[in-house]
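Here the structure is laid out as structure tokens; the discussion comes afterwards.
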Amino acid sequence: MVEQVPLNHALIITTLMFFIGVYGFLTRKNLITMLISVEIMLNAVNLNFVFFDHYLFPGKLEGHFFSLFIIAIAAAEAAVAIAIFINLYRNIRSIDVEQVDKMKY
Amino acid sequence: MEFQYTIWIVALPLLAFLINGLGSGKLPGKISGWIATIAIGISTFLSYQTAFQYFSSPSRDKIIAFKTTWLRFNDTLHIDLGVLLDPISVMMLVVITTISLMVFLYSQGYMKNEKGYDRYFAFLSLFSFSMLGLVVATNLFQMYMFWELVGVSSYLLIGFYYDKSSAVAASKKAFIVTRFADLGFLIGILMVSFYTGTFDFEILTNPDNLSFSTTASFLGLSTITWALLLIFMGGAGKSAMFPLHIWLPDAMEGPTPVSALIHAATMVVAGVFLVARLFPLYHAFAPTALEVVAFVGAFTTLFAALIACTQYDIKRVLAFSTMSQIGYMMLALGVSGYGGEEGLGYTASLFHLFTHAFFKALLFLGAGAIIHAVHSNDIREMGGLRKYQPITHLLFLIACLAIAGIPPFSGFFSKDEILAATFATHPIYFGIAVAVAGLTAFYMFRLYFIVFWGKEKTYDHTPHEAPTIMLLPMIVLAVGSVLTGFIPFGHFISSDGQSLDLHINWSVAITSVAIAFAGIVVAWKFYKTESDSSDKVARSFGSVYTSALNKFYIDEIYILITKGIVFRLIAQPLAWFDRNIIDAFMNLLAAITNWISSQIKEFQSGQVQKYAFIFISGVLIIVLSFIYATQ
Amino acid sequence: MGTSAIIFYTIATIMIVFSLLAVTSRKILRAAVYLLFALGGTAAVYFMVNYFFLAAVQLIVYAGGIVVLIIFSILLTSHIEEKMQKPDSWKIILTSILGLGGTTLCLYVITNHLFASQPSTGVEATMTTIGEKLLGYREGGYVLPFEVISILLLAAMIGAIVVAKRNKPEGNG
Amino acid sequence: MSLQELLLLRHEWALIASVLILLVLELNFSEEKKSNSISSASILFAIVTLLGFLPAETGSTFGGMYVTDPLRILMKNILNISVLVVFLQSGAWLRTKNNYNRITEFYLLMISSVIGVNFMISAGHFLMFYLGLELLTIPIAAAASYDQYKSKSAEAGIKLILTSAFSSAILLFGLSLLYGSTGSMYFSEMEFSTNSLQILGFVFFFSGLGFKISIVPFHLWTADVYEGSPTNVTSYLSVVSKGAAVFVLVLLLVNLFDPLRQVWQQVIYGTAIFTMTIGNLFAIRQQNLKRYLAFSSIAQAGFILLGVIGGSALGMASVIYFVLVYVFSNLAAFGVVIAIEQSAGKINMKDYNGLYKTNPRLSLAMMLALFSLAGIPPLAGFFGKFFLFTAVAESGYFVLLLIAVLNAVISLYYYLLVVKAMFINKSEFPVPYFQSDYPTRIALSGCVIGILIIGFYSPVFEYIKQLCLASL
Amino acid sequence: MNILISHIAVPVLTTLALMFASTQKQVRTIAAGGMTIQLIQSLVLLYLFLQERAGGNDAVVLFKQSFAWYPSLGISFDLGVDGIAVAMILLTSIVIFTGIFASWEVDKLYKEFFISLIVLAAGVYGFFVSLDLFVLFLFFELAVIPMYLLIGIWGSGPKEYAAMKLTLMLMGGSALLVVGILGVYFTSDVEGVRTFNILVLGQHHIPIEMQRIFFPMLFIGFGVIGALFPFHTWSPDGHSSAPTAVSMLHAGVLMKLGGYGCLKVAMFLLPEAAQEMSWIFLILTGISVIYGALATVVQTDLKYINAYSSVSHCGLVLFAILMLNKTASTGAVLQMISHGLMTALFFALIGMLYSRTKTRIITEMGGLMKVLPFLSVCYVIGGLASLGLPGLSGFVAEMTIFVGAFEHEDLFHRVATIVAVSSIVVTAVYILRVVGLLLMGPVRNEGYYNFPKAKWFEKIATVSLIVGILVIGLTPLWLSDMIRDSLGTIVDKLVLK
């Protein structure tokens, strides 16, 4: 793959994906879809790590392991986040992010 | 140092002040009066001793009898406290102690039933102390210090009846007006000391020792002239020269003996003394300033005499008369030269100061006796008092004759010298002086006739003669008024310290005496019996009379300036400015902070997505700024 | 352009498209499914670069774990049929500008950068290597992170349970 | 791998051990004795804290993934003390009915988070750093929504987990770029030069850390989360989580990112100004004391950045010293807020009116804490702030210094508002007199004593400075 | 124990003792006892100082003591006094001593009141004895902050507002001080060693460009507390709301920290800039002098009158300092002491009058001389001192300033002096206005006759202050020489160019 796809193209894809995630995070009204957006962002990061690892520093596998751990953490984070969402849902019967604004100013 | 004891002349009244002041209200009976009187009595004795000792030696050098450094500003400038003896200070010592002693004695009778007897004598002693300290000052700053003390004691004494609003107002006015004048004095001192590097009279009054490196000038006058003019301003304030005179008539709110002592005989001549003290300096460096002195003196003497003719308050008449007489003295100083016959004006001025002290004090004490008897100041409520107060009448007449310049009373001699001095130099001033001599005779006898002759009024209680303790000082002063004219004054005091023979200038003398008699006759015509002729004449003068009656509206102008301009247009707006602009600005800063705080609260909207939006925007902006900067 | 390139670009397109769909779809369950495709695409890329273990983990943990979790929570909290409201248009516009700007900026920086390649040390990402590295404690070994992440997972588990579990309802809000 | 090498991780082992012990204990406590874990957790943690002070070997292990040196040990100890204080203050809240069944869990979450803190500080590799950061955050997000029946608590949890996930995604993106440009994630192997990509990566990374420290513009979650979380968690967030992030920031900037000094100095210059100012401007208008303390802590973060900007030994020392002081001051303030919230359920500033009449000691403690935060002598805060200012001046940023001192004045204004409420304002219904439990009182007195003496006892600062010098 | 340390220790110990006191009587006794000891030891200090000087010890500061504190930053607890400091310490002792008696009847939270008051005093003492900029600044802020509580809790009128404003403005000033102090610390060219020691810093040159930046900061920083126009507006509000003893201490001593700091820190450490920029501040202080006096004329609240007149008088202090010569600076210090005593006396009396009449509006009172002769006479004496009557302290101070200021070679300075001198007239106007309206005239109200006469503690307070005013007014030479000798090191730097 190294010879056929330039690194920059790969990075363009991850960057796009990352900002798609950002876009989702900033626009989606549902908390769960926001979480989905975060996962997309993390996924982009993972790809970044893997691409760098593969293209530039093959063999040390640092990017590889970093991605591995990020995946694990993303899972943990998602679990806790969803627990909290459910808790919120029980309290206010909604998981609309725009209603999560009782505290402000 | 044979004169060391002179310090006691000054110190004794201070002691009396301290005893009476600290013990105020606790001293038994009327002992405070005696403490003060005995103290001033000893001072008087010592003053005479000093005078005798000093004048009996032929030298007229300045003698430092006592000196101690009180405050050091730098290596050259320091305030010393000390006693300087020279002809004028010795003469002043005599005058002040004598008049003080008389007034102290008189007051024991006059103030007998007043509340605050202790306080009265304390203040009076304080005054004597300050006045004595002033005249023996060894340097300008010591003089200024005592000058201020004199002002304060005057303030305290004018406001003696402090629960009377008019007295309070008068004391305030007196202090503030003289304070304003003192401002000039102080600035003058600062300027003089800046150029000469000293406050010391020994150096300052010896112009040969002085050399100025300055050629600085301001509005066409050299700075030293300005300095001396400012110093004269201080003198003019204390001596009630136009236009700083307005406090003096009001100052009559104080007890009458106070008026006699302070506002007739002693404090008000401090201005004359000041100019006389610095006379060599004036003469050598600022002839222009002397011209101003002469002009102010001449103007005031006429101005005050005119007003005196129209007043009905016995003490105010005397007050304006005092102004007029001091104007005389200033005039004489102003026209004087230095040394020999040239210096006649100088001698004449101080001579008149000397004689005036006696007869004016006598006049005031007489007025006091009258007021004491009829309980009123208004001469329209008096009349025919000669029957009830024969001795007072006689004494008052002597004083009137003396001030009118009728020979052989003392006033004649001194006034004659003044007239002679002006005659020799400025004919116009001479004319004014002669006219004032006539006016003086007129208004004094107007007073005299209305009070002692005229139609008898109905009195609440029958007026009675004053008690002995009041009469005795008056008699002493009357003797002085008669005799002091014969003192060969020029032998003791002259501008250059050389003995000066005073001759009577007969042509001048005859003119003045004739004018004086004319004045007396007019007064006699008008006022000996109640008639409306005086009113007719007054009416014929029209607005001039009305203006004079209203003291030429100077008070009103002052009120306009102080209340209207300083108070309303400067102080009040300033206070407003402070609260509403400067302070408000500080508050505005706080308000702006709060305003911004409430404006930006929307950032904290509670919306997670907005938070994230700002977050990522922040990151990108930071990056962008760096990328932009590195390009 | 070689086969792998074509495959790569195809996968890339799929990833991007499904990502976009995942963040725009108004049906929430679909969004989750689109996410699954995007994640799957990623796994495919891992396969392409021979990181099989990673690809497997990606599929198991992400696709199998997280997405299931998400779907599960969607079922708990939302009506699947319901279409989500469209976000405010100003929000979309602003965010799009921001997103595009951010992308441009990052791409500008990234694409202008000359990446320095390091010589390969020739370690293959075989299961053995990965296992050795994961449990290695020398340089290049990841036993410590492994240890830490176990604590993290424990803590997350406790946290999730504590938050989600309700003991006796108090009803006092 | 020798035992000695393993012992380098003493702090972490102790914490992990205490987690396990707590777990075991929890299983053995009967249903009625659940609250025993409060005391056992506190005692355990006290032991852990004390252990931290024993003399220790320093060095690095796990191939450089884990680094420890006296400075890092000091940081850990400081944070351990703060956590201990938080634990001591939590008893009353945990004993309430709703939490009765979840006491141990709370401690487990907290200690896990502390483990994260410790690993983050000792990280020698970005993976460790990242793991530490997440381990720090995730349990706290759960703890933030601990008050299950309060929607505000849930909201706080949501805001914390979402924003932190977002920020860590950004941070990771930055890290990935840094990895791409340096080829390693080992601190010792990363080499920086100021190129655009590294600036980009650095800024992304910085934002993630700035999020934890509540640097403007990454601070917006702070107030809401602080307000909604249980106050003990808030206190932990404001002190431990922030303190840890500051420590890491200092360590990384000065050592690792030293080549990028130009860049980060400018970044910090700008954000410091905004952080101080915005924090203050918002704090002025707060009525809810938790929110108020949140903005106050944002402003304080701005001051902390002043020390960071110097990047010198003095700057580092002043930052660490300031955090130490801040820990005591803030914990004392929160201690009072917690005590009053637990006894009277009141959290608004006007509820504090007339407090001095009824609870003079608490009011005094609160006043000292606030004055210390405001930097009033002779309290420790004064020294802390002055040294921070010294550090700024040392780098020659006098304009920044001027802005900072003016902000200190503004901050004084709102600190005085609370003092005014307690001492000056009158209230018809002041918080009645009460006595909090022993641990709370001990913790509060400890903090107050700390506030009073740290400043005067100069060896504290001198020791820190010496360590900083050695670490450069 | 070093007498300077014990000057700090006695107030601290007194506060500690107060914490354990319970009844009002105990509190009063401890406070009064402590401050009496303090007054006595200040007199001892004066005696020892004069002895040392007479014995030929011409070190810049005496009783030096140094304890390293933060060696790595060059902070050490350096103590030492010169003549100026001794004079200021004595002033502080008198004012706090009388302040205790003036607040004898405080019955609301009395313990806290005296503790705050004495903490404030401790700050002031520390400020005057320290030679280290850091320590000096520490004590400076320590002295400022208790004001907030003192005004806020025990004040009257819009006290919260006034207290807040005062605290914030003064702290704003001290914010500038921080910048200035650190600027001096880092730009002074001390060989490789950083130090906060004023004397050491004073021996080293700071580049003129840096001086230009930091001089205004230090000067304004200290100037705010010295009521420098236009940063004086805290003073009227603060003073009018503060309780008696606090006004006394604040106007009497705390405002002097400004002048003292300007002289011994700003001017001493940054002499070139002081020379260059003095004209700007001269204009401001000149405005202070006249403006304060004029604004006083129309005030009707006694405390406002005194507050504005303090603006004028303290303006004169800074004015004199800016004249950059020995005489004027001596005058400045004299004026600080004189004004401290006077204004303390005024505030004490205002408090005492207020406790009887329940109003401070002069137009609502009148004729108090008759019913309260003792207090009224004291007021008059204070007034006379304020308008510069010879024999009272005001005269000595003002004249020294005027003469010194007029010594200046530059015409601008002399013109400015003339402008400042004219304040003496305005002063007379407002003093006499108050005396006239308040004390003289007919008794306003029959109820006035029931006023209690002056009580013993009131007499102690007023008489001690008057004695101070008189001693300085009558025998100024020793004080003036003592101050003058200490100015050498400062002024010599200013003159050299």
Side-chain angles (χ1 to χ4, degrees), chain B residues 71-74 566-631, chain D residues 155 158-163 165-167 169-171 173-174 194-208 210-211 215-225 227-228 260 262-263 266-267 270-271 274 277-278 280-286 291 294-295 406 409-410 413-414:
Chain B
L71 180 60
R72 202 172 2 249
F73 294 135
N74 57 25
V566 176
F567 197 80
R568 290 241 171 73
L569 290 182
I570 300 178
Q572 271 182 349
L574 258 187
W576 183 90
F577 175 79
D578 193 63
R579 291 279 88 191
N580 295 291
I581 307 290
I582 299 210
D583 193 30
F585 179 73
M586 301 298 168
N587 290 338
L588 183 70
L589 289 182
I592 289 175
T593 312
N594 271 322
W595 182 80
I596 296 175
S597 162
S598 65
Q599 287 306 301
I600 58 174
K601 71 173 186 184
E602 277 302 324
F603 282 102
Q604 196 75 39
S605 57
Q607 297 284 355
V608 181
Q609 289 177 322
K610 287 188 187 160
Y611 294 177
F613 186 88
I614 294 170
F615 187 114
I616 185 81
S617 313
V619 174
L620 293 176
I621 287 169
I622 294 172
V623 174
L624 193 62
S625 61
F626 275 107
I627 305 299
Y628 182 77
T630 50
Q631 292 302 301
Chain D
E155 189 176 330
I158 298 276
K159 284 182 171 167
L160 181 55
I161 193 81
L162 276 182
T163 45
F166 184 73
S167 93
I170 289 178
L171 175 137
F173 192 73
T194 30
N195 57 50
S196 297
L197 185 72
Q198 287 187 350
I199 293 173
L200 183 74
F202 170 75
V203 173
F204 275 54
F205 158 77
F206 177 80
S207 76
F211 167 84
I215 295 173
V216 174
F218 320 121
H219 68 292
L220 287 150
W221 61 280
T222 317
D224 297 355
V225 173
E227 182 186 346
L260 290 177
Q262 290 289 336
V263 176
Q266 287 175 54
V267 173
T271 49
F274 277 106
T277 316
I278 304 261
N280 280 337
L281 286 176
F282 274 101
I284 289 175
R285 50 196 314 283
Q286 298 307 322
R291 232 176 144 69
F295 284 112
L406 292 178
V409 176
I410 300 179
Y413 166 71
Y414 58 79

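Numbered from 1 within each chain, the chains take letters A, B, ... in sequence-line order.
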Under the side-chain contact (heavy atoms from CB on, under 4.5 Å) rule, what do B/Val619 and D/Phe206 come out as? Steps first, then yes or no, please. CA-CA 9 Å; B/Val619 174; D/Phe206 177 80; over 6 Å; no

Heavy-atom distance under 4.5 Å to chain B: side chain of D/Thr277, backbone, both or neither? neither

Using 0.5 Å steps for rounding, measure from the OH atom of D/Tyr413 to the CG atom of B/Asn594. 5.5 Å

Roughly how far apart are D/Leu260 CG and B/Phe626 CZ, rounded to 0.5 Å? 9.5 Å

Are more than 12 heavy atoms, taken from residues, nucleotides or ligands other than B/Phe577, located less than 6.0 Å from that residue's CZ atom? yes

Answer with side chain, backbone, both or neither: which region of B/Ser617 has an atom nearer than 4.5 Å to a non-hydrogen atom of chain D? neither

Could you tell me which non-hydrogen atom of B/Ile600 sits nearest to which non-hydrogen atom of D/Phe282, and how far apart they are? O-CZ, 3.0 Å

Is chain B contacted by the side chain of D/Leu200, its backbone, both, or neither, given a heavy-atom distance below 4.5 Å? both

Part of D/Tyr414 lying under 4.5 Å from any heavy atom of chain B: neither

Please step through side-chain contact (heavy atoms from CB on, under 4.5 Å) for the pair B/Tyr611 and D/Asp224, ending with a clear verdict. CA-CA 11 Å; B/Tyr611 294 177; D/Asp224 297 355; 2.2 Å; yes

Spacing of D/Leu220 atom CG and B/Ser605 atom OG [to the nearest 0.5 Å]: 7.5 Å

Quick one: which of D/Ile170, D/Val263, D/Ile284, D/Ile410 has the most heavy-atom pairs under 4.5 Å with chain B, could you say? D/Val263

On a heavy-atom basis, the closest approach of B/Gly618 and D/Pro217 is CA-CG, 3.7 Å

Describe, in one word, how the ring planes of D/Phe218 and B/Phe615 are oriented to each other, choosing from parallel (under 30°), tilted (30 to 60°) and perpendicular (over 60°). tilted

Under 4.5 Å heavy-atom distance to chain B, tell me which part of D/Val216 shows up: side chain, backbone, both or neither. neither

Working note: B/Leu620 + D/Phe204, criterion side-chain contact (heavy atoms from CB on, under 4.5 Å); need CA distance, chi angles, decisive distance, verdict. CA-CA 9 Å; B/Leu620 293 176; D/Phe204 275 54; 4.3 Å; yes

Separation of B/Gln604 CD from D/Ile278 CD1 (nearest 0.5 Å): 10.0 Å

For the CD1 atom of B/Ile596 and the CZ atom of D/Arg285, what is their distance to the nearest 0.5 Å? 12.5 Å

